[in-house]
Student: 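Input: one structure, supplied below.
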Amino acid sequence: MKVLIVGSGGREHAIAWKVAQSEKVDKIYCAPGNAGCAEYAECVPIGAMEFDKLVAFAKENEIDLTVIGMDDPLVGGVVDAFEQAGLRVFGPRKNAAILEGSKAFSKDLMKKYNIPTATYENFDDADAALAYLETARFPIVLKADGLALGKGVLICNTLEEAKDGVRSIMLDKQFGTAGNRMVIEEFMTGREVSVLSFVDGNTIKTMTSAQDHKRAKDGDQGLNTGGMGTFSPSPFYTDEVDEFCKKYIYQPTVDAMKAEGREFKGIIFFGLMLTPNGPRVLEYNARFGDPETQVVLPRMKSDIVDVFEACIDGTLDQVELEFEDNAAVCVVLASDGYPLKYEKGFPIEGLEEFQKHEGYYCFHAGTKFDGETIVTNGGRVLGVTAKGKDLKEARANAYAATEWVSFANKYKRNDIGKAIDES
Ligand code: AMP
Ligand code: GLY
């Protein structure tokens with residue numbers, strides 16, 4: 001089989017690595033990929049939003065299966081474009097990717113189908129939103145409706161802060177057209193857990209749980225980032241929580257999408273908060289998480305190509321989805337200054353060390369070739385991942401492995417997975 005993977009981050013490197021384990025696969029392409037993907041795949045210089053070029057490439061090269069890693073092309077309808085050309089593709093169509101593409105849509109869906117989430121109101125108009133705030137309780141959460149690189153959420157402690165937030169989202173368009181609508185919702189407290197799942201339209205099978213660290217600095221200080229590290233499983237995701245979510249969140253979401261005529265095939269990523277009143281949905285994503293994928297896929301025993309195909313064919317109920325009974329931790333090595341200003345183009349040394357150790361992985365997030373040399377090419381550069389018999393061991397292993405690689409301005413958090421010490 002020939003497989004095409006669309007995207008260029010650590011998530012796509014992890015997907016390419018996992019796809020390469022499948023005996024069915026002879027050839028992998030990544031569009032556009034990165035220097036890490038190049039170990040398993042031929043990287044082709046086509047951007048994730050260049051649908052016509054992607055479709056033409058898949059036809060010319062007789063690609064049997066295309067896997068979309070990123071949110072923008074999914075929300076923009078890349079799956080529809082592939083299907084219209086008669087190509088097999090893994091991911092939700094545009095009318096289902098709206099689950100991630102519009103927070104107002106997903107909140108209305110949860111309300112209509114009684115799926116537990118924070119109470120909220122949607123607004124198309126800044127004046128109405130500002131008036132609503134006058135009687136609201138604080139802190140309160142403001143969310144731009146559309147995609148905003150994970151940055152469209154503001155937690156506001158005072159009325160003034162919230163009013164400024166509404167103005168910057170809806171009037172100043174801080175997040176562009178994503179802020180044409182917005183959601184204002186109740187502030188919740190509790191542990192956050194990410195649960196990724198495979199969905200075939202009817203059946204849903206969840207993967208092992210994970211937790212992300214979104215802030216740039218130790219102790220959850222600093223700015224929000226795409227994610228500075230992850231661990232899996234979450235010790236807070238107990239059997240009891242799992243049972244509740246299966247009954248009230250996971251299957252009800254799949255059934256709700258079907259009932260709305262928006263059959264969902266692909267990945268649903270549930271961002272959950274374990275509140276004192278039980279688990280609540282914080283957000284849905286319509287794709288694998290980054291860097292959640294980097295700790296979840298190394299623990300997955302099943303052939304991922306079989307699972308992708310079962311989702312497309314609607315036969316997921318016949319697939320056994322299995323994970324190892326161990327743990328994994330991913331520490332992101334970033335360019336100092338991320339997520340604001342940072343330099344790139346520095347040579348990376350020590351990558352070969354990962355070939356010598358089983359259970360250690362170096363997933364590339366922002367790298368490229370400069371001649372023969374691999375150099376830094378982004379804010380998040382590498383996702384150093386290690387497995388262990390439990391979270392403590394995995395964490396010690398991952399941090400030891402962060403010392404194997406070096407590049408100028410290397411920056412990392414030192415407390416990824418620290419919460420597990422308190423469990
Ligand atoms: P989201 O993109 O919706 O996951 O939001 C980004 C982050 O904002 C989440 O990971 C939470 O840490 C925080 N957040 C979002 N919604 C709420 C809420 N209703 N209450 C408290 N924190 C929230
Ligand atoms: N790590 C969070 C996300 O992928 O949205």
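The chain is numbered in sequence order, starting from 1. Whatever order the structure lists them in is the order used to number ligands and atoms, beginning at 1.
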Student: Check this for me: does any side-chain nitrogen of one of Lys94 and Asp80 sit under 4.0 Å from a carboxylate oxygen of the other?
Tutor: no
Student: Do Lys389 and Glu324 sit within salt-bridge range, that is, some charged N less than 4.0 Å from a carboxylate O?
Tutor: no
Student: Which residue supplies the protein heavy atom nearest to atom 14 (N) of ligand 1, what is that atom called, and how far is it?
Tutor: Leu282 CD2, 3.9 Å
Student: Going from OH on Tyr361 to CZ on Phe354, what distance comes out if it is rounded to the nearest 0.5 angstrom?
Tutor: 11.5 Å
Student: Considering only heavy atoms of Phe187, which atoms of ligand 1 have at least one such atom less than 4.0 Å away?
Tutor: 20 (N), 21 (C)
Student: Distance check, rounded to the nearest 0.5 Å: Glu283 atom CD versus Thr117 atom OG1?
Tutor: 10.5 Å
Student: Identify, for atom 3 (O) of ligand 1, the protein heavy atom at the shortest distance, and state residue, atom and that distance.
Tutor: Lys143 NZ, 3.1 Å
Student: Compute the minimum heavy-atom distance from Arg280 to ligand 1 and say whether it is under 4.0 Å.
Tutor: no
Student: Here's one to test your reading of the geometry: is the NZ or CZ of Lys2 within 45 degrees of the ring axis of Tyr29 and under 6.0 Å from its centre?
Tutor: no
Student: Applying a heavy-atom cut-off of 4.0 Å, say which part of Glu192 lies close to ligand 1: side chain, backbone, both or neither.
Tutor: side chain
Student: Which residue and atom name correspond to the protein heavy atom nearest atom 19 (N) of ligand 1, and how close is it?
Tutor: Glu185 OE2, 2.7 Å
Student: What protein heavy atom sits nearest atom 8 (O) of ligand 1, and how far away is it?
Tutor: Val153 CG1, 3.6 Å
Student: For a side-chain contact (heavy atoms from CB on, under 4.5 Å) with Ile348, tell me which candidate from Ile374, Asn377, Val375 qualifies.
Tutor: Ile374
Student: Give the contacting part of Val141 toward ligand 1: side chain, backbone, both or neither, where contact means a heavy-atom distance below 4.0 Å.
Tutor: side chain
Student: Between the side chains of Thr230 and Glu292, is a donor N or O closer than 3.5 angstrom to an acceptor N or O?
Tutor: no
Student: Determine whether the side chains of Asn397 and Lys387 contain a donor N or O and an acceptor N or O closer than 3.5 Å.
Tutor: no
Student: Evaluate Ala118 for polar contact with ligand 1, using N/O atom pairs at a separation under 3.5 Å.
Tutor: no
Student: Which pairs of nitrogen or oxygen atoms, taken one from ligand 2 and one from the protein, are under 3.5 angstrom apart?
Tutor:
residue	atom	partner	partner atom	Å
ligand 2	1 (N)	Asp212	OD2	2.8
ligand 2	1 (N)	Asp290	O	3.0
ligand 2	1 (N)	Glu292	OE1	2.8
ligand 2	1 (N)	Glu292	OE2	3.3
ligand 2	4 (O)	Arg287	NH1	3.0
ligand 2	4 (O)	Asp290	N	2.9
ligand 2	5 (O)	Arg287	NH1	3.4
ligand 2	5 (O)	Arg287	NH2	2.9

Student: Using the test side chain to side chain contact (heavy atoms under 4.5 Å, CB included), find all partners of Ala162 that sit at least two apart in sequence or belong to another chain.
Tutor: Leu133, Phe138, Ile140, Cys156
Student: Name the residue from Asp145, Asp108, Asn122 that meets the side chain to side chain donor-acceptor pair (under 3.5 Å) definition with Ser102.
Tutor: Asp145
Student: Numbering the atoms of ligand 1 from 1, which are under 4.0 Å from a heavy atom of Lys103?
Tutor: 2 (O), 3 (O)
Student: Answer with yes or no whether the side chains of Asn34 and Ser8 bring together a donor and an acceptor at under 3.5 Å.
Tutor: no
Student: How would you list, by chain and number, every residue that makes a side chain to side chain contact (heavy atoms under 4.5 Å, CB included) with Asp220, sequence neighbours excluded?
Tutor: His213, Arg215, Arg413
Student: Heavy atoms of the protein only: does one fall short of 4.0 Å from atom 17 (C) of ligand 1?
Tutor: yes
Student: Could you check atom 2 (O) of ligand 1 against the protein and tell me its nearest heavy-atom contact, residue, atom and distance included?
Tutor: Glu283 OE1, 3.2 Å
Student: Looking only at protein heavy atoms, identify the closest one to atom 21 (C) of ligand 1 and say how far it is in Å.
Tutor: Met188 O, 3.2 Å
Student: Any idea which protein heavy atom is nearest atom 22 (N) of ligand 1, and the distance to it?
Tutor: Ile155 CD1, 3.8 Å
Student: Only counting residues at least two apart or in another chain, list the ones meeting side chain to side chain contact (heavy atoms under 4.5 Å, CB included) with Ser209.
Tutor: Val193, Val195, Pro233, Ser234, Tyr237
